[in-house]
**Q** 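Take this structure, written in structure tokens, and hold onto it; I'll ask about it next.
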Amino acid sequence: MADDNVTFELKEPAAPEALLPPDYTQAGWLAAALVALVLLAAWLIHRLRRRPANTPLSRRNLAYKEATGALGRVAAANARAAAVQTSLILRKYLSLAAEDPALFETHEEFIARNDALQSLTETARAACAAGFARLAACKYAPAIPDLTPAAVVGDARELLETLHHGFRA
């Protein structure tokens, strides 16, 4: 006989877990949670970078930057054309920075409105009224004024500075 040493000792059977394929569900859930966290972090970072703060100060600064650039690009043949362009730029600045409908009003409507520019100091409001009156005189004069376009743009730039620094906190 080939095997004379026969024992009748009972042996534990092999563990059935060793025969099963490996279970990757726990690692899969961990990987899915990690991917979800990375996507959430990326979305939050994108959202915070995309949306600038919508505070009155940030709106004023953005409007100021836009108006300054527009005043630098004014190319007018005469004082009347420069007054028209700068008036439009300043009115757009006021509509954005002070949330005022000055852009959509005539000069007379703007002057007649008592609640115009309440967010500005009294000095800035007076400078605004005087500045827009000078621009209106240039725009509506019967003859083209003897001013240079650069002088009109310079006055408008000074008025923009006064308005920008004339906001109440």
Side-chain angles (χ1 to χ4, degrees), residues 30-169:
L30 184 61
L34 185 62
V35 167
L37 283 174
V38 167
L39 288 175
L40 178 66
W43 178 74
L44 285 173
I45 289 171
H46 173 72
R47 187 172 178 210
L48 289 175
R49 284 186 182 172
R50 188 187 76 206
R51 185 192 307 173
N54 196 10
T55 63
L57 181 61
S58 66
R59 283 193 307 269
R60 282 195 300 263
N61 288 336
L62 184 62
Y64 175 74
K65 185 177 178 182
E66 187 178 313
T68 303
L71 284 175
R73 292 187 300 272
V74 170
N78 56 43
R80 178 176 289 153
V84 169
Q85 290 177 14
T86 57
S87 175
L88 184 62
I89 292 167
L90 290 171
R91 286 172 180 267
K92 184 175 181 185
Y93 169 78
L94 286 175
S95 77
L96 294 173
E99 296 179 356
D100 191 82
L103 181 61
F104 310 106
E105 295 177 328
T106 65
H107 179 68
E108 289 80 14
E109 290 172 334
F110 179 66
I111 298 283
R113 199 164 32 94
N114 291 332
D115 64 339
L117 307 175
Q118 291 298 317
S119 58
L120 290 173
T121 61
E122 189 61 39
T123 308
R125 273 188 275 167
C128 182
F132 276 114
R134 284 192 306 275
L135 287 173
C138 283
K139 291 190 300 188
Y140 304 124
I144 296 176
D146 287 337
L147 296 170
T148 64
V152 174
V153 172
D155 286 347
R157 194 176 309 272
E158 286 178 27
L159 179 56
L160 177 64
E161 291 294 326
T162 301
L163 292 174
H164 187 63
H165 297 294
F167 282 93
R168 295 184 180 133

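Nothing here was measured: the structure is a model prediction, and the numbers come from that model. Values below: every heavy atom of this structure, side chains too, minus hydrogens, waters and symmetry copies. Start at 1 with the first residue, then count along the sequence.
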**Q** Locate the shortest heavy-atom distance separating K139 from A83; write the atom from each residue and the value.
**A** CG-CB, 3.7 Å
**Q** Measuring from atom CG of L160 to atom CG of D155, what distance do you get when rounded to the nearest 0.5 angstrom?
**A** 12.5 Å
**Q** Measuring from atom CG of L71 to atom CD of Q85, what distance do you get when rounded to the nearest 0.5 angstrom?
**A**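 L71 atom CG to Q85 atom CD measures 10.0 Å (nearest 0.5 Å).
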**Q** Calculate, to the nearest 0.5 Å, the distance between atoms CD1 and CG belonging to I144 and L147 respectively.
**A** 11.5 Å
**Q** Are side-chain heavy atoms of V38 and W43 found at a separation under 4.5 Å?
**A**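 With C-beta onward as the side chain, the pair stays apart.
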**Q** Which atoms form the tightest heavy-atom contact between A79 and P145, and what is the distance?
**A**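 In this case the closest contact between A79 and P145 is CB-O, 4.1 Å.
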**Q** A side-chain contact here means heavy atoms from C-beta on lying under 4.5 Å apart; do E66 and L96 qualify?
**A**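 E66 vs L96: side chains touch.
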**Q** Can R91 be said to sit on top of F132's aromatic six-ring, NZ or CZ under 6.0 Å from centre and within 45° of the ring axis?
**A** yes
**Q** Just so I know, are the side chains of V74 and I89 near enough to count as touching, which here means a heavy-atom distance under 4.5 Å?
**A** yes
**Q** How long is the span from the SG atom in C128 to the CG atom in L163, to the nearest 0.5 Å?
**A** 5.0 Å
**Q** Distance-only, no hydrogens or angles: does the S87 side chain make a donor-acceptor pair with backbone N or O of V84 under 3.5 Å?
**A** no
**Q** So T86 and R157, do their side chains get closer than 4.5 Å, heavy atoms only?
**A** no
**Q** Might you point out which heavy atoms bring A82 and A76 nearest each other, and give the distance in Å?
**A**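 Closest heavy-atom pair between A82 and A76: N-CB, 3.3 Å.
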**Q** Which atom names give the shortest non-hydrogen contact between A81 and A77, and what distance separates them?
**A** CB-N, 4.4 Å
**Q** Can any side-chain N or O of R168 pair as donor or acceptor with the backbone N or O of Q118 at less than 3.5 Å?
**A**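 Here the side-chain-to-backbone pair exists.
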**Q** Any idea how Y93 and Y64 line up, ring-wise: parallel (<30°), tilted (30 to 60°), or perpendicular (>60°)?
**A**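 Rings of Y93 and Y64: perpendicular, as their planes differ by over 60°.
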**Q** When rounded to the nearest 0.5 angstrom, what distance separates CZ in R49 from CG in L44?
**A**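 The CG atom of L44 is 12.0 Å from CZ of R49, to the nearest 0.5 Å.
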**Q** Any non-hydrogen side-chain atom of L90 less than 4.5 Å from a side-chain atom of L94?
**A** no
**Q** Decide yes or no for L135 and V152: does some side-chain heavy atom of the first lie under 4.5 Å from some side-chain heavy atom of the second?
**A** yes
**Q** Considering non-hydrogen atoms only, spot the tightest contact between A127 and T162 and give its length.
**A** CB-CG2, 3.7 Å
